Amino acid sequence: MIKGNSFMTKRNVWGIIAIGLVMFMTLLGYFYTPYDPSQTAVLSRLQPPSLQHPFGTDHFGRDIFSRVLVGGRVSLFCGLASVSMGAAVGVFLGLWSGFQGGFWDEVSMRLSDGLQALPAILLALLLATVWQPGVAVILWSVAIGNVPIFLRLTRTQTLKIKAQPYLEASRALGASDFRMMFCHTLPNLKDALLVQFSLSLAGAILVEASLSYLGVGIQPPQPSWGRMLRDAQSFASLAPWAVLIPGFFIALTIIGFNLLGDSWIHRRYR
Amino acid sequence: MSRYFWQKTVSFMLTALLVSAITFLIVQILPGDPALLLLGTEGSPQAYEQLRNELQLHRPALVRYFSWFSGFFQGKWGSSLRYSLPVTQLVAEAIPLSVGIALCAVVLALTLAIPAGIFVASNPQSRVAQVLAAGSQIGMAIPQFWLGLLLIQVFAVRFTLLPAGGSDDLVGLILPVFTLALPRAAVLTRFVNVGLSEALEEDYIRTAKGKGLPWRTVLYKHALRNGILGVFTVAGLQFAQLLAGTIVVEQVFALPGVGQLLLAGVLQRDLPLVQTLVMLIVFLILIFNLLFDLCLGFLDPRLRYD
């Protein structure tokens, strides 16, 4: 068991570099963009990457570098917010059904079976039909989609921990269910939950990008990487860079979160 | 066998019932009057009344759910609000294409992933295996629509080898099938690798090697049979991802399948069409999961006697 040093494993370093780059660019976008991301310039449209426009320009002459800097913030925000919501509900239900067992355990397991059979993207399409397409659709569908994942994970781990002698001891000392759930079980779930949180973030960003690409996610004028790909598709043979670059950043973010999650798994089972 | 069979079948039916309830009721539970939301701001009071009648909003939600649910299984799928055509007809035109490319993609993903996974597990130190493992990591992360656009760029625009879409002939379906299959193959490669690597560390492998069996027999007969079982479970789940992926891939390659129909339904706010299509896709996913589970029970006797 090497705990302290193993944080900087090879995978982890790559994951941290990828996420660090994306975070840095997104934060930079709040303070500085070389051009106004929604400023159109008809004369300089579909220009290949150059010194003035490092990533080129799109079909309205907007600077793609500036749009990339700004386009990540909704993805990251949506990912963080929706996975946090889903995780909070899922962890709570998982702890509860792991501890209570019996009828309510059965009910929550069946419910999570049902939710798991409904991919987040389908749920989002269903919601987008009734509401306007937009951020709310992504938030809700990804959050709901993550509930069963966290529920199952927490429940399985809770059942394992429940059988440990230290929980028996705390029950013997008169601890309430609530105390045993939150003070003794939850801290022991930290590693497993962190791994899943990171992997779920990658999934959430993929769903957001797919929905924005399909036109039912983030709506213009708000720039988003998925939407930029959608708009660039019709000009793909004239301006391949407009397709390559936003997709690269989506992939980079997803790889980064996947690697981070993976490296935590390796750290745990080392 | 029969007990396992019944367990799986009953749990399949329960899940189908639950998902259908979620699909139908989520729209009713969420705040707002569906008819008002569907019409948007331009609706006239007459149109509102008409839509309320069409959606039968004067009846309680549960009653509507049960009539919709029983209708779904009798093939009474109602008619689309915008196309004024029966949903059955729209679906019948779109479904062969979608299910066709999905099935081709499953087969392709498995044929790519199983040899790749075996190779990586049996020669973990070789250069090729490391490239394959890294490729599988990247393949899992690449968004499907980006992969599709990249494939179009390379094979249709740069080298003009393959058409960039269209469903008129089978050649046009090569790129979509690859786009669907590659990310799934990446995930499956990893599972084959993990399953096989774990099996190779078992005691019975050492015994088999110790009694002088050729490596080939040890690998394929002893390790693979045990190591690959987990892959079938995952393959069922991957099929769900794959069907959801067809929505995106059909958009990339402009294929007139179920995904395009669904997307048109969403953008035109055609609730009956969308609900039926979502239910249909989920139902297909569940049926495939059931089939995979039953195959697994057939392949792995341990499951049957649990």
Side-chain angles (χ1 to χ4, degrees), chain A residues 11 14 18 110-133 137 140-141 144 202 205-207 209-216 225-226 229-230 232-233 236-238 240 243-244 246-259 262, chain B residues 11 14-23 26-27 30 32 34 37-38 40 137-138 140-150 152-153 156-158 164 237 240-241 243-245 247-248 251-252 259 262-263 265-271 273-275 277-279 281-283 285-286 289:
Chain A
R11 284 160 185 273
W14 285 112
R110 290 301 135 248
L111 201 63
S112 87
D113 271 348
L115 281 176
Q116 220 158 20
L118 194 65
I121 202 161
L122 283 181
L123 188 59
L125 291 177
L126 198 61
L127 292 182
T129 316
V130 182
W131 299 345
Q132 298 291 343
V137 168
W140 279 98
S141 55
I144 294 175
I205 282 162
L206 184 59
V207 170
S210 309
L211 288 172
S212 298
Y213 170 74
L214 291 174
V216 293
W225 295 337
L229 264 178
R230 176 190 175 85
Q233 191 183 351
S237 52
L238 291 172
V243 172
L244 283 172
F248 172 76
F249 281 97
I250 299 170
L252 188 70
T253 317
I254 295 170
I255 291 178
F257 282 122
N258 273 340
L259 287 175
D262 261 10
Chain B
S11 108
L14 260 177
T15 316
L17 192 69
L18 253 168
V19 181
S20 70
I22 295 167
T23 309
I26 201 158
V27 180
L30 295 170
L37 286 166
L38 288 174
Q137 180 72 252
I138 295 172
M140 274 189 274
I142 286 187
Q144 215 145 28
F145 45 94
W146 194 49
L147 179 65
L149 292 172
L150 289 183
I152 291 179
Q153 277 295 313
V157 178
R158 187 59 55 86
L237 295 175
Q241 297 289 320
L243 270 183
I247 301 168
V248 172
Q251 171 78 11
V252 175
L262 179 57
L263 207 59
V266 172
L267 294 176
Q268 294 165 349
R269 329 201 81 189
D270 193 340
L271 189 59
L273 180 66
V274 172
Q275 273 179 334
L277 285 176
V278 167
M279 191 55 214
I281 295 175
V282 172
F283 201 66
I285 293 174
L286 288 175
N289 277 344

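So that the names make sense, note that chain A is the first sequence line, chain B the second, and so on, each numbered from 1. Keep in mind the model is a prediction, meaning the values are calculated, not measured.
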**Student:** Work out which heavy atom in Gly215(A) is nearest to a heavy atom in Leu267(B); give both atom names and the distance.
**Tutor:**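 Minimum heavy-atom contact is O-CD2, 4.3 Å.
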**Student:** Looking at Asn258(A), Val243(A), Ile144(A), Leu252(A), which has the largest count of heavy-atom pairs under 4.5 Å with chain B?
**Tutor:**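 Top count of heavy-atom pairs under 4.5 Å with chain B: Val243(A).
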**Student:** Taking every non-hydrogen pair under 4.5 Å, which of Val216(A), Ile121(A), Leu206(A), Leu244(A) racks up the most with chain B?
**Tutor:**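 Maximum pair count with chain B is reached by Leu244(A).
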**Student:** Under 4.5 Å between any side-chain heavy atoms of Leu259(A) and Gln137(B), yes or no?
**Tutor:**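 Yes. Closest side-chain heavy atoms under 4.5 Å.
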**Student:** Determine the minimum heavy-atom distance between Val252(B) and Tyr213(A), stating which atoms define it.
**Tutor:**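 That closest heavy-atom pairing would be CG2-OH, 3.2 Å.
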**Student:** Taking Ile138(B), Ile285(B), Ile22(B) one by one, which has the highest count of heavy-atom pairs under 4.5 Å against chain A?
**Tutor:**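 Result: the option with the highest number of such pairs is Ile22(B).
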**Student:** Any side-chain heavy atom of Leu262(B) sitting closer than 4.5 Å to one from Leu122(A)?
**Tutor:**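 Result yes, sub-4.5 Å side-chain heavy-atom pair found.
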**Student:** Under a 4.5 Å heavy-atom cut-off, does chain B meet the side chain of Ala202(A), its backbone, both or neither?
**Tutor:**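 Contact with chain B involves no heavy atom of Ala202(A) at all.
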**Student:** For Phe257(A), is it the side chain, the backbone, both or neither that has a heavy atom under 4.5 Å from a heavy atom of chain B?
**Tutor:**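 It is neither, since no heavy atom gets under 4.5 Å.
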**Student:** Taking every non-hydrogen pair under 4.5 Å, which of Leu14(B), Leu263(B), Ile142(B) racks up the most with chain A?
**Tutor:**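 Ranked by contacts with chain A, first place is Leu263(B).
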**Student:** Minimum heavy-atom separation for Gln233(A) to Gln251(B), with atom names?
**Tutor:**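 Result for this residue pair: NE2-O, 4.1 Å.
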**Student:** For a quick test of reading the model, state the closest non-hydrogen atom pair linking Thr15(B) to Ala117(A) and the distance between them.
**Tutor:**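 Result for this residue pair: CG2-CB, 4.3 Å.
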**Student:** Keeping Trp146(B) on the side-chain end and Ile250(A) on the backbone end, is there a donor-acceptor pair under 3.5 Å?
**Tutor:**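 No; zero donor-acceptor contacts below 3.5 Å.
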**Student:** What part of Ser11(B) gets within 4.5 angstrom of chain A, counting heavy atoms only: side chain, backbone, both, or neither?
**Tutor:**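 For Ser11(B), neither part sits under 4.5 Å from chain A.
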**Student:** Which atoms of Gln275(B) are under 4.5 Å from chain A, going by heavy atoms: the side chain, the backbone, both sets, or neither?
**Tutor:**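 Both parts, backbone and side chain.
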**Student:** For Phe145(B) and Leu229(A), work out which heavy atoms get closest and say how close.
**Tutor:**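 Closest approach of Phe145(B) to Leu229(A): CE1-CD1, 3.1 Å.
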**Student:** Would you mind telling me which of Leu18(B), Asn289(B), Val266(B) has the largest number of heavy-atom pairs within less than 4.5 Å of chain A?
**Tutor:**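 Option with the top pair count is Val266(B).
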**Student:** Please rank Ile247(B), Leu286(B), Leu150(B) by heavy-atom pairs under 4.5 Å with chain A and give me the top one.
**Tutor:**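 Looking at each option in turn, the highest pair count goes to Ile247(B).
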**Student:** Donor-acceptor pair, Arg269(B) side chain versus Val130(A) backbone, under 3.5 Å?
**Tutor:**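 Present.
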**Student:** Among Leu214(A), Ile255(A), Asp113(A), which residue has the highest count of heavy-atom pairs closer than 4.5 Å to chain B?
**Tutor:**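 Between Leu214(A), Ile255(A), Asp113(A), the count favours Leu214(A).
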**Student:** If I compare all heavy atoms of Val248(B) with all of Ser210(A), which pair ends up nearest, and what's the gap?
**Tutor:**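 Result for this residue pair: CG2-CB, 4.2 Å.
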**Student:** Could you tell me which portion of Leu123(A) (side chain, backbone, both or neither) has an atom closer than 4.5 angstrom to a non-hydrogen atom of chain B?
**Tutor:**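 Contact with chain B involves the side chain of Leu123(A) alone.
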**Student:** Measure the spacing between CE of Met279(B) and CG of Leu118(A) and express it to the nearest 0.5 Å.
**Tutor:**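 CG of Leu118(A) is found 9.5 Å from CE of Met279(B).
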**Student:** Distance check, rounded to the nearest 0.5 Å: Thr129(A) atom OG1 versus Leu271(B) atom CG?
**Tutor:**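 So the OG1 of Thr129(A) and the CG of Leu271(B) are separated by 6.5 Å.
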